[in-house]
Amino acid sequence: MQFSINKLSLSLYSFLALCFLVSCKKDGNPNNLPSVSTADYVGKIDGFTSSDEVFPESLVAYWPFDNSTNEVKSNTAPGTSLNNSYVASGIKGQALRLNNGFLYYPTQFNAFKTDVFKSFAISTWIQISNNGSKRTMLFQLTRPGIFNGSLNFSLNTNSFPASNVTDLKVQPTFVTVGGGTQDNINTLRDAPGSVNYMPYITPPIGPDKWVHLALNYNASNGFFDIWINGRRAGAFPSRGTGNNNFRAAEPSEVIIGGNYNVIPGKSVSSDVSFGAMTGVMDELRVYNIALPDAHIRALYNLGLAGK
């Protein structure tokens with residue numbers, strides 16, 4: 001009797017094993033997805049082979065600074081420039097050097113008109129030093145005859161002496177639909193563990209240190225973020241919507257490295273808080289959308305690799 005039971009159990013086990021191997025074999029691709037080859041990703045960073053692949057349809061202005069100061073999307077040259085040259089060792093190719101200098105574009109760029117420029121992202125690489133006396137304007141979208149533009153990508157290089165190579169204060173501003181001003185800054189906010197806590201994020205700086213800076217503004221939710229070397233750094237990102245939304249002025253002009261008051265013959269006030277820029281800039285990109293976080297990090301990682 002015991003032999004019959006064991007024989008029956010063995011037969012049942014064999015049947016189930018055969019069923020699993022023949023009838024119950026698992027389909028490794030039930031949705032018929034296309035095959036993926038690792039070769040497709042060789043040499044890519046965050047899925048891209050070049051920074052040029054990051055939202056190219058939304059890139060509305062681009063200054064690569066490769067032996068030219070022209071904005072390449074519109075082929076617009078500056079009307080006036082001062083103390084500008086090139087360095088060979090940029091992030092990609094050459095880079096722009098300003099020695100107490102600026103680039104001034106007395107042109108209304110169609111891409112920056114009020115009705116089409118609402119959300120934005122600005123990405124650039126810089127080599128900068130503190131100076132203990134003057135603020136630095138990386139990029140300004142001007143308002144006619146007014147000291148503060150509608151968009152001001154500014155650095156508080158006045159906050160520390162040149163000997164300080166561990167702190168860089170980034171404090172961009174924009175003008176709102178209601179005529180007010182909104183800003184953000186990388187500074188310590190509240191205490192660790194609190195709901196609004198933001199650590200102080202700042203890069204090492206100096207004439208031999210490349211720093212990636214990005215501004216990212218989403219008009220749909222009013223968030224205005226600062227990014228430093230691939231990390232969100234601004235302590236006050238929520239700027240509100242409605243009358244607090246960004247508004248691009250018309251007509252506008254573009255100044256790289258300063259504002260009206262650093263351009264001879266263009267001063268609009270006695271304010272001397274900004275000096276013409278001294279430093280190096282490369283790969284200045286302006287988008288007409290707020291970029292996803294992963295794509296801002298990708299621009300940083302791609303730049304590190306010279307891509």
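Counting begins at 1 with the first residue of the sequence.
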Checklist entry - Can you tell me if Ser119 uses its side chain to pair, donor with acceptor, with the backbone of Ala219 under 3.5 Å? => result yes
Next on the checklist: Tell me which one of Asn158, Thr278, Thr157 satisfies side chain to side chain donor-acceptor pair (under 3.5 Å) with Thr136.
Outcome noted: Thr157
Checklist entry - Any idea which heavy atoms bring Leu291 and Ile296 closest together, and the distance? => result CB-CG1, 3.9 Å
Next on the checklist: Side chains of Thr173 and Asn152: any donor to acceptor distance under 3.5 Å?
Outcome noted: yes
Checklist entry - Quick one: are the ring centres of Tyr287 and Phe55 less than 6.0 Å apart? => result no
Item to check | Close side-chain approach of Phe112 and Val60, heavy atoms under 4.5 Å | outcome: yes
Checklist entry - Do side-chain atoms of Asn186 reach the backbone of Val170 as a donor and acceptor pair under 3.5 angstrom? => result yes
Checklist outcome for this item: Between Asn216 and Ala121, the two heavy atoms sitting closest are OD1-CB, 3.2 Å
Checklist entry - Quick one: does Asn130's side chain have a donor or acceptor within less than 3.5 Å of a partner on Gly132's backbone? => result no
Next on the checklist: Looking at Tyr86 and Ser68, would you say the former's side chain and the latter's main chain have a donor-acceptor pair under 3.5 Å?
Outcome noted: yes
Checklist entry - With the threshold set at 4.0 Å, does a side-chain nitrogen-carboxylate oxygen contact exist between Lys73 and Glu71? => result no
Item to check | Under 3.5 Å donor-acceptor, Ser51 side chain and Lys307 backbone | outcome: yes
Checklist entry - So, do Trp125 and Leu304 sit near enough that their side-chain heavy atoms are less than 4.5 Å apart? => result yes
Next on the checklist: Using side-chain contact (heavy atoms from CB on, under 4.5 Å), reason through Asn156 and Ile185 one step at a time and then give a plain yes or no.
Outcome noted: CA-CA 10 Å; Asn156 292 349; Ile185 189 170; 4.1 Å; yes
Next on the checklist: Has Thr176 got a side-chain atom pairing as donor or acceptor with Asn243's backbone, closer than 3.5 angstrom?
Outcome noted: yes
Checklist entry - Can any side-chain N or O of Gln94 pair as donor or acceptor with the backbone N or O of Asn67 at less than 3.5 Å? => result yes
Checklist entry - What are the two closest heavy atoms between Leu284 and Met281, and how far apart are they? => result CD2-SD, 4.1 Å
Next on the checklist: Apply side-chain contact (heavy atoms from CB on, under 4.5 Å) to residues Leu138 and Ile256 and explain how you reach the verdict.
Outcome noted: CA-CA 6 Å; Leu138 299 180; Ile256 294 173; over 6 Å; no
Next on the checklist: Before you tell me yes or no, could you show the steps for Arg239 and Phe246 under side-chain contact (heavy atoms from CB on, under 4.5 Å), namely the whole-Å CA-CA distance, both residues' side-chain angles and the distance that decides it to 0.1 Å?
Outcome noted: CA-CA 9 Å; Arg239 302 290 81 193; Phe246 164 71; over 6 Å; no
Item to check | Nearest atoms (heavy-atom pairs only) where Val268 meets Ile146 | outcome: CG2-C, 3.8 Å
Checklist entry - Under 4.5 Å between side-chain heavy atoms, hopping through other hydrophobics if needed: is there a path connecting Val87 to Val211? => result no
Next on the checklist: Distance check, rounded to the nearest 0.5 Å: Gln140 atom CD versus Phe274 atom CZ?
Outcome noted: 7.5 Å
Next on the checklist: Main chain of Ser269, side chain of Asn261: is a donor-acceptor contact present, judged purely on distance under 3.5 Å?
Outcome noted: yes
Checklist entry - Relative to the ring of Phe117, is the ring of Phe120 parallel (under 30°), tilted (30 to 60°) or perpendicular (over 60°)? => result parallel
Checklist entry - Looking just at side-chain N and O atoms, do Thr107 and Thr76 make a donor-acceptor pair shorter than 3.5 Å? => result no
Next on the checklist: When you compare the side chain of His212 with that of Ser123, does any pair of heavy atoms fall below 4.5 Å?
Outcome noted: yes
Item to check | Taking every non-hydrogen atom, the tightest pair across Ile255 and Tyr260 | outcome: CD1-N, 3.7 Å
Checklist entry - Does atom CZ of Arg189 have more than 12 heavy-atom neighbours, drawn from other residues, nucleotides or ligands, at distances under 6.0 Å? => result yes
Checklist outcome for this item: Phe224 and Asn184 have their tightest heavy-atom pair at O-ND2, 2.7 Å
Checklist entry - So do the side chains of Tyr200 and Asp167 get within less than 4.5 Å of each other, counting heavy atoms only? => result yes
Checklist entry - Any sub-3.5 Å donor-acceptor pair from Asp282's side-chain atoms to Ile91's backbone N or O? => result yes
Checklist entry - Counting N and O atoms only, with roles assigned by atom type, does the side chain of Lys134 sit under 3.5 Å from a partner on the main chain of Val272, one being a donor and the other an acceptor? => result yes
Next on the checklist: For Asn218 and Ser220: C-alpha separation, side-chain torsions, deciding distance, then whether side-chain hydrogen bond (donor to acceptor under 3.5 Å, both in side chains) applies.
Outcome noted: CA-CA 6 Å; Asn218 189 331; Ser220 64; 2.5 Å; yes
Can you list, pair by pair, the side-chain donor-acceptor contacts under 3.5 Å of residues 95-103, counting residues two or more places apart and other chains?
none

Checklist entry - With side chains defined as the heavy atoms from C-beta onward, is the minimum distance between Trp63 and Val254 less than 4.5 Å? => result yes
Checklist entry - side-chain contact (heavy atoms from CB on, under 4.5 Å) between Phe153 and Leu213: does it pass, once the steps are laid out? => result CA-CA 10 Å; Phe153 196 163; Leu213 297 179; 3.8 Å; yes
